[in-house]
Amino acid sequence: MDLFKDIFSAFWVGGVICVIGQILIDKTKLQPGRILVLYVCLGCILGAVGIYKPIVDYAGAGATVPLTGFGYNLAKGVMEEIDSSGFLGIFTGGLKAAAGGISGAVVFSWLAAVIFEPKGK
């Protein structure tokens with residue numbers, strides 16, 4: 001029964017995050033790229049003030065997979081690195097924490113560019 005609860009929690013929290021993004025696309029003049037940046041910044045802010053951690057603990061992948069989770073991961077990495085390395089952690093913590101995601105995005109973007117032929121408008 002715990003598995004069902006975990007899946008349901010992840011589904012509805014991730015769904016709410018996506019619905020908010022869709023509403024922003026439909027009801028405002030914000031471009032999708034700006035909404036993505038807004039989500040990353042919101043995740044950083046909510047992570048820095050301690051609001052996002054309980055959401056991650058409750059929803060798991062429903063909160064860590066969307067871009068708000070990426071922002072939370074950056075903020076968490078910076079805070080941990082500041083505790084261990086001091087001031088230099090401001091610059092290195094986010095990159096250390098998110099290195100896997102950043103590397104994956106670069107590699108898979110490159111693969112997509114190599115495999116598929118872009119079409120002009």
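From a predicted model like this one, the values you see are computed outputs, not experimental measurements.
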Worksheet entry | L67 reachable from V56 in the ILVMFWY side-chain graph, under 4.5 Å edges | yes
Practice prompt. Give every residue pair that meets the side-chain hydrogen bond (donor to acceptor under 3.5 Å, both in side chains) criterion with at least one member in residues 63-72, sequence neighbours excluded.
Written response: Y52-T68
Practice prompt. Calculate, to the nearest 0.5 Å, the distance between atoms OG and CD1 belonging to S85 and I90 respectively.
Written response: 11.0 Å
Worksheet item: Any idea which heavy atoms bring P66 and I17 closest together, and the distance?
Response: CB-CG2, 3.9 Å
Worksheet item: Got a second to check how far N73's CG is from C44's SG, nearest 0.5 Å?
Response: 9.5 Å
Worksheet item: For the residue pair S9 and A59, what are the closest heavy atoms and their distance?
Response: O-CB, 3.9 Å
Discussion item. Can you give me the closest heavy-atom contact between A75 and G47, atom names plus distance?
Written reply: CB-C, 4.4 Å
Response to the item:
So the side-chain hydrogen bond (donor to acceptor under 3.5 Å, both in side chains) pairs with at least one residue in residues 33-49 (sequence neighbours excluded) are none
Worksheet item: Is V13 linked to V16 within one hydrophobic cluster, defined over Ile, Leu, Val, Met, Phe, Trp and Tyr using a side-chain heavy-atom separation of less than 4.5 Å?
Response: yes
Fill in: Nearest-0.5 Å distance, CD1 of residue I35 to CD1 of residue I20
11.5 Å
Item to complete: Please answer: with hydrophobic residues joined when any side-chain heavy atoms are less than 4.5 Å apart, are I55 and V49 in the same cluster?
Response: yes
Side-chain polar contacts of residues 93-111 - donor-acceptor pairs under 3.5 angstrom, sequence neighbours left out - could you list them?
from, atom 1, to, atom 2, distance (Å)
K96, NZ, E81, OE2, 3.1
S103, OG, A99, O, 2.8
S109, OG, A105, O, 2.6

Item to complete: Only counting residues at least two apart or in another chain, list the ones meeting side-chain contact (heavy atoms from CB on, under 4.5 Å) with V65.
Response: A61
Worksheet item: Could you give the distance from OH (Y58) to CG (D6), rounded to the nearest 0.5 Å?
Response: 9.5 Å
Discussion item. Among residues at least two apart in sequence or on other chains, which ones pass ring pair (Phe, Tyr, Trp, His ring centres under 6.0 Å) with F91?
Written reply: F87
For residues 23-32, please give each side-chain donor-acceptor pair under 3.5 Å, one per line with the distance, not counting sequence neighbours.
from, atom 1, to, atom 2, distance (Å)
D26, OD1, Q22, NE2, 3.1
D26, OD2, Q22, NE2, 3.4
T28, OG1, L24, O, 2.3
T28, OG1, L30, N, 3.3

Worksheet item: Under a 4.5 Å side-chain heavy-atom rule over Ile, Leu, Val, Met, Phe, Trp and Tyr, are V37 and L42 clustered together?
Response: no
Item to complete: Using a 4.5 Å cut-off on heavy atoms from C-beta on, say whether the side chain of V78 contacts that of L74.
Response: no
